[in-house]
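Working notes, beginning with the structure itself.
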Amino acid sequence: DAKTTQPPSMDCAEGRAANLPCNHSTISGNEYVYWYRQIHSQGPQYIIHGLKNNETNEMASLIITEDRKSSTLILPHATLRDTAVYYCIVRYGGATNKLIFGTGTLLAVQP
Amino acid sequence: GAVVSQHPSWVICKSGTSVKIECRSLDFQATTMFWYRQFPKQSLMLMATSNEGSKATYEQGVEKDKFLINHASLTLSTLTVTSAHPEDSSFYICSARVYGTGLSSHEQYFGPGTRLTVT
């Protein structure tokens, strides 16, 4: 699986947009970008995924660069409950379908 | 959304004993279930992939005889930590993929985790 690089931590003010970057320079054409988050001592929660186009759902937006070597997860109006570790994962849609977690970014939303 | 449960949510056992952790998909059928382990302040590490009715596939470095996985039905997988030792103390998380999903599906859901402490 392609590897991802994320900053270890970020701060964001409550009510502001949180922009979490991810580099995946070795991604191949049939690999998807997934974002999950893990609130302390809980199981990971799916946020969003994409292949080439930008995606938006009720939780967040995903912006993927044209060359697909990096992406940004955007939480439009961060709240204290968004404080969590955010994982950017590249996954091949093959038979194994394994999600391999990297180190993630600890997002701390400040009041 | 789909719900995955784990039981127990936490367990304390003595060194040398075995512990069984259950993972259930409550409102969907799961072709494949995954077991992860997470040590404090670390990321999730995939231990094994479990397919219903067949033997689990273990990741490199994971002892299959120590971590027994059974996936007897489309809604239940179990992880048994045999002869547990203090170094096995960890947060164990299961995940389930929805039966019949295609290559682009995101439908993989995680349980709340089980905290194992071996004394």
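Per chain, numbering begins at 1; letters A, B, ... match sequence-line order.
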Between A/Gly104, A/Ser41, A/Pro44, the one whose heavy-atom pairs under 4.5 Å with chain B are most numerous: A/Pro44
Region of B/Gln38 in contact with chain A, defined by heavy-atom distances below 4.5 Å: side chain
Per-residue contact mode, B/Leu46 against chain A (heavy atom under 4.5 angstrom): side chain
Anything under 30° is parallel, anything over 60° is perpendicular, the rest tilted; go ahead and classify A/Tyr34 against A/His49. parallel
Going by the angle between their ring planes, with limits at 30° and 60°, are A/Phe101 and B/Phe110 parallel, tilted or perpendicular? perpendicular
Treating B/Thr78 as the side-chain partner and B/His71 as the backbone partner, does any N or O pair qualify as donor plus acceptor under 3.5 Å? no
Taking side chain as everything from C-beta outward and backbone as N, CA, C, O, which of these in A/Gln45 sits under 4.5 Å from a heavy atom of chain B? Side chain, backbone, both or neither. neither
Side-chain donor-acceptor contact under 3.5 Å, A/Arg91 with A/Tyr32: no
